[in-house]
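These numbers were taken from a predicted model, which means no experiment stands behind them. Chain A is the first sequence line, chain B the second, and so forth, proteins listed ahead of strands; every chain is numbered from 1.
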Number of protein chains: 2
Amino acid sequence: MDFQKIIAVATKRGIFQPAFDAYGGLAGFLDYGPVGVRMRRRILEVWRKHYVINAGCLELDGALVGPEALFQASGHLGEFDDALVDCEECGKQFRADHLVDGGEEMSRADLAKAIANISCPNCSSTLSEMRAFNLMFATSVGAGKGTPGYLRPETAQSIFLAFPWLLRQNRGKLPFAGAQIGRSFRNEISPRQGPIRMREFTQMEVEHFFLPSDEPELPSELENTKITLLPAHGKENQTTVGEAFDSKIINSSLVATHLARAQNFLISIGVPNEKLRFRQHGSNEMAHYSSDCWDGEINTSLGWIEIVGVAHRGCYDLSAHGNASSKEFRVPIPGTEQETEVWKPDIGKLGKEFRGNAKLILEAIKDIELKPGITVNIDGESIGLDESYMALKMERKSQMVYPNVVEPSFGLDRILYCLLESSWNVEGEREWISLPQDTSPYDLLVAPLMTKDKLDEKAHEIMKSAIDVGVDAYYDEAGSIGRRYARADEIGIFYSMTIDHQTLEDGTVTLRERDSKNQSRVPIKDALDRVRR
Amino acid sequence: MDFQKIIAVATKRGIFQPAFDAYGGLAGFLDYGPVGVRMRRRILEVWRKHYVINAGCLELDGALVGPEALFQASGHLGEFDDALVDCEECGKQFRADHLVDGGEEMSRADLAKAIANISCPNCSSTLSEMRAFNLMFATSVGAGKGTPGYLRPETAQSIFLAFPWLLRQNRGKLPFAGAQIGRSFRNEISPRQGPIRMREFTQMEVEHFFLPSDEPELPSELENTKITLLPAHGKENQTTVGEAFDSKIINSSLVATHLARAQNFLISIGVPNEKLRFRQHGSNEMAHYSSDCWDGEINTSLGWIEIVGVAHRGCYDLSAHGNASSKEFRVPIPGTEQETEVWKPDIGKLGKEFRGNAKLILEAIKDIELKPGITVNIDGESIGLDESYMALKMERKSQMVYPNVVEPSFGLDRILYCLLESSWNVEGEREWISLPQDTSPYDLLVAPLMTKDKLDEKAHEIMKSAIDVGVDAYYDEAGSIGRRYARADEIGIFYSMTIDHQTLEDGTVTLRERDSKNQSRVPIKDALDRVRR
């Protein structure tokens, strides 16, 4: 199944469509329809099961718009850009690395040289010099001139910034992981390929924090996970995660852990193992924050598509926010505690002076290193605290260190596209999506053979029982039963149930399995038991 | 439980916190933490059950960034503003209607008069003249100068714009409803009250489309729903939805239906019936698109807070997009079919000329009234179609009409806040959140009495069984059992289970109910059966 066909069928079947076509379209944005929303939700449910319920990650849902200082600290306003060239003749704009063979892996200097010999793909005129184009969407928050704000380019920054809060929720203990499902935004220069290169997309990210001296080991139950690796220096090879770690192909035990986990998740939602590999980034390709990165890629009609990245981000992000902001992002190193002089707030004085606000001030300074002259922000107002509000006391204190982090980052839109492509089957006239039940949009089609003789009434009754026991059921009474099976197959409904005259007599129905087309006659209750996930 | 206390406790317990406090904060944005994300998810699950699964709404997940033409057509770039005044002395900015008693219900002219006598609440200087401040967040899409784009101010517009697509998914049949859960954005002038007035918030909206001549009736099972109404002209009174419709207090049967449904939903998630009323908008207060609107309001420590609006939007939105865009947003009126001359595409000529793109062109013109000179947008390029690509043919055609729409629109952030406030209980030292199990963040606390004698091992084993049968369980082994019950109560975990030495002997556990504190000794399996939702 190829790209154009998937796009056309996705629109027809209510999976997704290009957004805003009534107004000429806006490239890089999609609407998900009734079937697509269900598929996405099912994929997210499996993801949450893996990461939040079983692995115990702490879930966060952060704001999508953030202040300038945050993205200055994270490096996104400085280094998060693509190389742009434009044609002065026809006005078209291009990503330089898309015009050169192997451009995505080139350094900017090499790319600039390579692009010098290339003319406009549209009108063959000379192209401009290459320049950096920042991928952040900018806006302004508040009335009048407002404050600069940006749409987040990754959900990860919300988790990093919430680290001190999440650490408190975990009662100060490391390691722990934060997880987030949410929208992110990148102002791509020329997005073309439907759900593959989007300007607005949904990510599922985990940030697994740990003490640098105490990296979590590779769990024994993951050691024997078979995996296909393409290292930056070396050949593609099939190995186990344990062997790859032992032989230093994968340097970090937590990166190894998350490669295995990511693969387990992807296979459970229906990604074919034989189309999946993990490719290590070369040094030119690596993001500014990353010290090691492996892309989980699926082989599609468009080539290898990245659907997950597992990156070792070191302490890049936490130290960036620790240095740029007023909060403490470090943690104590166990066993380094000793007596130290520290500034402590004078609670009595604060209460007398600030009354109701004193509590808020104490809350605001709880996580930071107090010192005279510090400023806190209460309800939009800046309050300066000089020496008179604090006193030096002796306290047992530890040396502090920034935790390290390993991040698996999934792209939901791409995952859905790749699943559609890999699970689409054609056999003569018949077309069907063969996803596992857990990621099929519905568990069950409920179809009365005809809409007379009270068959439809009975079908509605069964529909209600199905919903009551948690079965995601779809009712369809339009057209021949063959036509209804065909429609159900086309969106990948896992089972079909037909209600006929015999149902009224003996309470049995015909249950059909989507992939095998096997049909069996069973009592209603047994059928629903089989369909229940 | 009052506002300041809720905000403080929400931060402490991992429900929500003001976003970006490390960078001085950005008013109007929140982060939801591990407990808050669970509560929100549970509320949304119940909502989906009501609207998507039981009522059969077609779910959509649309893009958050949209083009200028869309929001010009919807009226949001013209009329979606607040009245702003600023102080030239201290520079502070205020919403004019917040400075005047009853300001929110005043017309702009009255407000301008009333504000003339008011001085700056901050420094008592003279305020500027009142001016309109548009609430849309603006950005720019694409490289170079880019195209203007805006963050959507309501999820509704995504549904309106997707109406032709959703109608096709429903095989052209009316009535049907689109539903959407998603983020929206409003650049409020001075948001202050935590989750009540946010710049970025989550909505759950339903757009119920119907033929103007065929409005869905009030279902008999909803007629006797008791409801408290405060009409625009009249006194607050308790009545039934059926009586209110019969006596024309509520004019539209579908508005009546959705008032009843909204109330049923709100009560099922734990809103106390006696704190809920529906207040009709006066004409000054009504949004530009609305012909009738009722706000579902909850009585809180901050006064009455709107958490849902049920609005009759007529055909305002669909006709606005039909007039401004290239798409057909009307539907045929049944029984008006007759022979008419219409332009039809010359498929052979299109195929010859445009080859691969011909299919995309046919797809693009499928829903619009074809005529010579029309322009279609294919993959970012404009293609003009003159008379040579089409021919006049006779066809049976109907008169067309714009459907009407009734919209229930819920605000998730406010709902969560109001639930926290109304379900917070204090009894001496004990504090607990008494939400129904369906909206509690966890079903079950699993707590070994101590971490020795293999009690913790047994507890982990039970934890796994609980997760396997779909119970949302929380494991806690830290501190005394009383302290753990207290922590579980504070975030509203519905049941607690204690594993002790007797558990190892006879396989029974102590199961405690949160609200009654009743404890009983039951076999593990029975306990899990009771806890399962």
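With a 4.5 Å cut-off on non-hydrogen atoms, B:Arg533 does not touch chain A at all. For chain B, the nearby part of A:Phe133 is the side chain; its heavy atoms alone come within less than 4.5 Å. Using a 4.5 Å cut-off between heavy atoms, B:Ala324 contacts chain A through both its backbone and its side chain. For B:Ile53, the parts lying under 4.5 angstrom from a heavy atom of chain A are both the backbone and the side chain. At a 4.5 Å heavy-atom cutoff, the contact between B:Leu70 and chain A is made by backbone and side-chain atoms alike. Residue B:Glu363 touches chain A through its side chain alone, counting heavy-atom pairs closer than 4.5 Å. For a residue to count as touching a neighbouring chain, one of its non-hydrogen atoms must lie under 4.5 Å from one of that chain's; by this rule A:Asp472 touches chain B with the side chain only. Proximity to chain A is absent for every atom of B:Tyr475, based on heavy atoms less than 4.5 angstrom apart. Only the side chain of B:Tyr474 has a heavy atom closer than 4.5 Å to any heavy atom of chain A. With a threshold of 4.5 angstrom between heavy atoms, B:Asp86 does not approach chain A through any atom at all. Using a 4.5 Å cut-off between heavy atoms, B:Arg95 makes no contact with chain A at all. Proximity to chain A (any heavy atom under 4.5 Å) is restricted, for B:Ser140, to the backbone atoms N, CA, C and O. Within the 4.5 angstrom heavy-atom criterion, only backbone atoms of B:Lys12 (N, CA, C, O) approach chain A. Heavy atoms of B:Phe137 lying under 4.5 Å from chain A belong to its backbone as well as its side chain. For B:Leu135, no part lies near chain A; criterion is any non-hydrogen pair under 4.5 Å. For a residue to count as touching a neighbouring chain, one of its non-hydrogen atoms must lie under 4.5 Å from one of that chain's; by this rule B:Leu26 touches chain A with the side chain only.
With chain B as the partner, the residue from A:Gly33, A:Pro164, A:Gly142, A:Ser382 showing the most heavy-atom pairs under 4.5 Å is A:Gly142. Interface summary for chain A: among B:Arg13, B:Arg131, B:Arg199, B:Arg487, the most heavy-atom pairs under 4.5 angstrom belong to B:Arg487. When the candidates B:Glu68, B:Met198, B:Gln93, B:Gln4 are compared by the number of heavy-atom contacts under 4.5 Å with chain A, B:Gln93 comes out ahead.
When all heavy atoms of B:Tyr23 and A:Ala69 are compared, the closest pair comes out as CD2-CB, 3.6 Å. Across A:Ala63 and B:Asp31, no two heavy atoms sit closer than the pair N-OD1, 3.5 Å.
Two residues are said to be in side-chain contact when any heavy atoms from C-beta on lie closer than 4.5 Å; A:Val141 and B:Phe29 meet this criterion. A:Val35 has its side chain out of reach of B:Gln169: every pair of non-hydrogen atoms, C-beta onward, lies at least 4.5 Å apart. Contact of the A:Phe185 side chain with the B:Leu64 side chain is registered, since non-hydrogen atoms from C-beta on lie closer than 4.5 Å. Within the 4.5 Å cutoff, side-chain heavy atoms of A:Thr11 are placed close to those of B:Arg168.
Legend: residues meeting side chain to side chain contact (heavy atoms under 4.5 Å, CB included) with A:Asp61, ordered by chain and number and at least two apart, are A:Gln180, B:Tyr32, B:Val37, B:Arg40, B:Arg183. Legend: residues meeting salt bridge (Lys or Arg N to Asp or Glu O under 4.0 Å) with A:Arg41, ordered by chain and number and at least two apart, are B:Glu59.
The CG atom of A:Asp468 lies 8.0 Å from the CG atom of B:Asn54; values are rounded to the nearest 0.5 Å.
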Inset, instruction - Determine, stepwise, if the pair A:Thr139 / B:Asn187 fulfils side-chain contact (heavy atoms from CB on, under 4.5 Å). - result: CA-CA 10 Å; A:Thr139 188; B:Asn187 200 0; over 6 Å; no

